[in-house]
Amino acid sequence: MAHDSVQLPCDGDGACMRCKVTPLAEETLTCSTCATPWHVACLASPPETLASTLQWQCPDCSGDPLPSAAGALDGTSSELFAAIRAIESDESLTEKEKARKRQELVSGRVEEDGDKEKKGKEKESSFLDVLDGSLNCSFCMLLPDRPVTTPCGHNFCLKCFQKWIGQGKRTCAKCRSIIPPKMASQPRINSTLVSVIRMAKLSKSNVAAGPMKVYHFVQNQDRPDKAFTTERAQKPGKANAASGKIFVTVPPDHFGPITAENDPARNQGVLVGECWEDRLECRQWGAHLPHVAGIAGQSNYGAQSVALSGGYEDDEDHGEWFLYTGSGGRDLSGNKRTNKEQSFDQKFEKMNEALRVSCKMGYPVRVVRSHKEKRSSYAPEKGVRYDGIFRIEKCWRKVGIQGFKVCRYLFVRCDNEPAPWTSDDHGDLPRPLPAIPELKKATDVFERKESPSWDFDEEDNRWRWKKPPPPSKKPVNAADLEERKRARKAIRQAHTTTVRERLLKEFSCLICRQVMNLPVTTPCAHNFCKSCFEAAFSGKTAIRERSKGGRTLRSQKNVLHCPSCPTDISDFLQNLQVNRELMGVIESLKQKSEENQDAVEELSEEQVDESEENADIGSGDSETAQKTKNPDPKDDLQNPPPDSDQKRTSKRMKVDTTQVVADCE
DNA sequence: AGGCTTCTAGCT
DNA sequence: AGCTAGAAGCCT
């Protein structure tokens, strides 16, 4: 190997000054910094990969030649070198096209992909006037994907950057500044830049302004697996968290057990005895959806589930059967969610009526018990547990412990699986109703007259639907619908917010909270105005300033923390570089937003609705298969049957179907 | 013990 | 379609 010898480039005539031969074009490499040609065969360490040839620096420019195990280049490489040179010399191509072609060659991307990208690029070009290509990753020449910013203020795709680092490079591909080891080993995504790029992409048709699409709106499938704290929540933890993803595919008004086919996540269904940390987690598995309320139901339709949480002192728990108290009768004015004190009578309305409908129809009701039910032997020690299917056999009103009337319900278990507390190896068998002493004083007693929908089948020896379950009135992914509702709201809000406000939000300095002026990006990917950043360390930087004097002062290294995180950014501070690319974009967006501000505020909602419609997902409905005539649950009650509701439901179902078709196309 | 938020049924 | 009050939570 020639690595001990002096390395020399080609002379003005193209002859290698070391071996004196004039190499063919494909046997030479041009330095990306000084543009001097070099004879590849005479290099001590030719670039290991073709990717690195694009950014190749000659031994003179790179300073410390990398130790390389690579020998002379093989034939295949030479061919590729030739191909690259051919691209370089093709005058019909623009610089960007050249870069893309080079990239295709090097990465071995298939032509089809290249075409797709080309289409993407054409799309991009319309907003490139905002970005002006200034943000493009120097490696792939595209807008950075998962952008990372070097301390010298240059932006790259995370993957491109990692590739570069993987080749042993420790200098910025753009300006040759040293990349700190920490940045090299743990590059951080610059989330502000992510916003910049998203904004730019979204503003393509309506330069810098456009309806600022709310990209952080979450659909059920995109919701996190766990409950999460929203941006506006002041308190951490689950006290005021939003629910995470709903894992099961049953509609929110689904009665009865949740079976394997509605559990795509695990394919086992919700099993009796299953436990969850809290009500939010319980909600995610569909056993009981409301995360505060004890009863899930609709007054004209029935109740699907209840929670026993010890919220009402009148409750009486006997495991396989229990006496449940209705909701209401309490003053929740102010900001309360609960109030133990009862101040008026409960009535059979709302959720209490829903329970009565379930009683009347003999619907299966899911029951969960919470650890908060302290007076019951059957409550779990921790969290919330699914205890299976119960039926409401009777309901009535009585004067409760606090002196006001409460609604009462007799729940009796009727599940095919044994209860979590029993040592039986089989589920429930029909049992005689327990004697209820308080019934003597009860008023408004209601008993089921018709045969129950959910009953024990003597032949099958198991509990099952004896009558078709009530058809669902809600789409399966009601959670999605709710999300979309919220998203619509958010979009509307985005319309009324000025671009300036959004700029402020997305590109504000973490110190002064204003739109950044001369932005600097720390290696830990936090962004500040240069002046704010410097001011934060005024008086502290002096110690390090004398380091250029001599190496004796090196021992005095002063640890300085990023204003936003504990990262030591003392090295970064020493040579503060403005992220000019980011600055350019902010400036341009600022300017254009001022021009368009009025127009933005007046934007019609049509655009929003359109995008909404497209984002809509048709909802299948497993229950529609059982569309037999449903007996009206309230036909013997004073209220009129919910005719209008039924019509509305079928109408919506039709709409949903067409949407599914549309979505498939 | 107080107070924050989420979710939604049931109204306008 | 939009709003509001009520809901058996949860955390400091």
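We use all heavy atoms of the structure for the numbers below, so side chains are in, but hydrogens, waters and symmetry mates are not. Note on naming: letters A, B, ... go to the chains in the order of the sequence lines (proteins, then strands), and numbering restarts at 1 for each one.
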- Geometric cation-pi criterion, Arg391(A) with Trp463(A): 6.0 Å, 45°: no
- Message: Are more than 12 heavy atoms, taken from residues, nucleotides or ligands other than Glu277(A), located less than 6.0 Å from that residue's CD atom?
- Response: no
- Which nucleotide in the list dT6(B), dA9(B), dA7(C) gets nearest to the side chain of Leu332(A)? dA7(C)
- Item | Lys474(A) side-chain proximity, nearest of dC10(C), dG10(B), dA9(B) | dA9(B)
Just to confirm, is there a sub-4.0 Å distance from OP1 or OP2 of [N] to any side-chain nitrogen or oxygen of [X]?
| X | N | result |
| --- | --- | --- |
| Lys372(A) | dG9(C) | yes |
| Ser333(A) | dG6(C) | no |
| Arg283(A) | dT8(B) | yes |

Take atom [atom1] of [X] and atom [atom2] of [N], then tell me their distance rounded to the nearest Å.
| X | N | atom1 | atom2 | answer |
| --- | --- | --- | --- | --- |
| Lys350(A) | dC11(B) | NZ | P | 6 Å |
| His288(A) | dC7(B) | NE2 | C1' | 12 Å |
| Lys238(A) | dC7(B) | NZ | C1' | 16 Å |
| Asn352(A) | dG6(C) | CG | C1' | 12 Å |
| Leu308(A) | dG9(C) | CG | P | 11 Å |
| Asn339(A) | dG6(C) | CG | P | 12 Å |
| Met351(A) | dG6(C) | CE | C1' | 9 Å |

- Item | Parallel, tilted or perpendicular: rings of Phe348(A) and Tyr409(A) (30°, 60°) | perpendicular
- Parallel, tilted or perpendicular: which describes the rings of Trp465(A) and Phe255(A), with under 30° parallel and over 60° perpendicular? perpendicular
- Message: Any residue in residues 404-413 of chain A with a heavy atom nearer than 4.0 angstrom to DNA chain C? Just list them by number, or reply none.
- Response: none
- Could you identify which residues of residues 310-331 of chain A place a heavy atom less than 4.0 Å from some atom of DNA chain C, listed by residue number, or say none? Gly310(A), Gly311(A), Tyr312(A), Asp315(A), Tyr324(A), Thr325(A), Ser327(A), Gly328(A)
- Does the pair Phe390(A) and Phe322(A) meet the rule for a ring pair (Phe, Tyr, Trp, His ring centres under 6.0 Å), with working shown? CA-CA 10 Å; Phe390(A) 285 66; Phe322(A) 58 89; 5.2 Å; yes
Once you apply a heavy-atom cut-off of 4.0 Å, does [X] come out as touching a base, just sugar-phosphate, or nothing?
| X | answer |
| --- | --- |
| Ser370(A) | nothing |
| Ala239(A) | base |
| Ala241(A) | sugar-phosphate |

- Message: Which residues pass the ring pair (Phe, Tyr, Trp, His ring centres under 6.0 Å) test with Tyr324(A), not counting sequence neighbours?
- Response: Phe411(A)
- Note on the structure: Sorted by chain and number, sequence neighbours left out, salt bridge (charged side-chain N to carboxylate O under 4.0 Å, His left out) with Lys238(A) holds for Asp278(A)
- Task: Apply salt bridge (charged side-chain N to carboxylate O under 4.0 Å, His left out) to Arg385(A) and list each qualifying residue two or more places apart in sequence or on a separate chain.
- Result: Asp387(A)
- Taking for each residue the nucleotide of DNA chain C bearing the nearest heavy atom, is the 5' side occupied by Arg279(A) or by Lys336(A)? Lys336(A)
- Most 5' of Thr338(A) and Leu289(A) on DNA chain B, judged by nearest nucleotide: Thr338(A)
- Message: Between the base of dG9(C) and the side chain of Asn240(A), is one N or O donor paired with an acceptor at under 3.5 angstrom?
- Response: yes
- Note on the structure: Listing for DNA chain B: consecutive Watson-Crick or G-U pair runs of at least 3, distance cutoff 3.5 Å, ranges ordered by first number, gives B:1-4 with C:9-12, B:6-12 with C:1-7
- Find out whether Arg408(A) and Thr325(A) are in side-chain contact, i.e. whether some heavy atom of one side chain is under 4.5 Å from a heavy atom of the other. yes
